[in-house]
Amino acid sequence: KGQGRNQVHCFTSDDKESDEFQSNMQWIHILHYALENDHLEMHYQPVVDIKTQEIAYYEALVRLNVEGKLIYPNEFIPTLEKFDDMNLLDHHVVNCALKDLANYPELKRIAINLSAQAFRDKRLLPLIEGTLKTFNVEPQRVIFELTESASLSNLSATQNMIERLSDLGCDFSIDDFGTGFSTFAYLKNLPADTVKIDGSFVKEMLHNKIDLALVKAICEVAGALNKKTVAEFVESEAILDLLSDINVDYAQGYFLGKPQALSVLFPLKEDNLSLA
Ligand code: C2E
Ligand code: MG
Ligand code: MG
Ligand code: MG
């Protein structure tokens, strides 16, 4: 399918490609099974306002639960993207995360990751709008994140979708900023509210002068364009202090809190629910 339409491809049993194909098909099967049987769960990771040190919002991160063992998205999302099969997962995540947001006022606001395919999916916007209404969630409580490389593939569709999301009242954030191509041009063209600086720069910025220079440059440009900045992969207090010195707005990372299930984040609430 990846090579285009109207083609036949033959596989032999000793074909490396064939093994890869089999493993891809297995993932797709596992994912469809998980979607039908509710084996996907959302975990939530806090994002902290560096000035006030308070949690500003949580990022929703999907996990596949196979008999108690968690499988992380980097293992299965690439296969789904390769086979153009991300829409079901995006729809599922939007539904689960907005439902959680309605049930947990403690979450305040959440960020939901969307796939590159989301911006070609005509059903997604009505689905978001309908789900917000169903669960009676204020759109201002929702931020959508899209990786920079994903937005590159179809700029006008992406712009259009972001504008319509922002008409609804949702915010939009460019994820993993700095890892794609011609990044500053996209900063100019995408009506994003925040820029999420890729963790690979943040992680090493104490020891690597180039990374520090890049983080500073991204902040300066984002500031000039009136966009807020978020740093991901904040793994120590020293990094947090440095981010504060260079006026980054928000921080997220293991030092501030790992992604966790709602039952772990808000255990008392679970007790209340089970008593009710
Ligand atoms: P992302 O959106 O950039 O999310 C941040 C990733 O970094 C998460 O990995 C998170 O667990 C991890 N992380 C957070 N703090 C730290 C830290 O201090 N150090 C390190 N080394 N890592 C940290 P995760 O959950 O495995 O997700 C990986 C990627 O999969 C995400 O990257 C996002 O692109 C995608 N993804 C996750 N959930 C969803 C989803 O529901 N829908 C879609 N479409 N994509 C998702
Ligand atoms: Mg993200
Ligand atoms: Mg990210
Ligand atoms: Mg990242």
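We count ligands from 1, going down the list as the structure has it; atoms in each ligand are counted the same way.
A continuous path of Ile, Leu, Val, Met, Phe, Trp and Tyr side chains, each step under 4.5 Å between heavy atoms, connects Trp27 with Met25, placing both in one hydrophobic cluster.
Within the protein, the N, O or S atoms sitting under 2.8 Å from the Mg ion (ligand 2) are Glu59 OE2, Asn113 OD1, Glu145 OE1, Asp175 OD2.
Cluster partners of Tyr250 are Val47, Tyr57, Ile143, Val230, counting Ile, Leu, Val, Met, Phe, Trp and Tyr whose side-chain heavy atoms approach within less than 4.5 Å, directly or via other members.
Using a 4.0 Å cut-off between charged nitrogen and carboxylate oxygen, Lys82 and Glu20 count as a salt-bridge pair.
Using a 4.0 Å cut-off between heavy atoms, His43 makes no contact with ligand 1 at all. Here Gln252 has no heavy atoms under 4.0 Å from ligand 1, in either its backbone or its side chain.
Heavy-atom proximity to Asn74, at under 4.0 Å, picks out these atoms of ligand 1: 28 (C), 29 (C), 30 (O). Close approach of ligand 1 to Val93 (heavy-atom distance below 4.0 Å) involves ligand atoms 41 (O). Using a 4.0 Å cut-off to heavy atoms of Asp90, the atoms of ligand 1 that qualify are 44 (N). Near Glu59, meaning under 4.0 Å from one of its heavy atoms, ligand 1 places the atoms 2 (O), 4 (O).
The residue from Tyr254, Phe255, Tyr72 that puts a heavy atom closest to atom 18 (O) of ligand 1 is Tyr254.
Polar contact with ligand 1: absent for Phe233 (N/O pair, distance under 3.5 Å).
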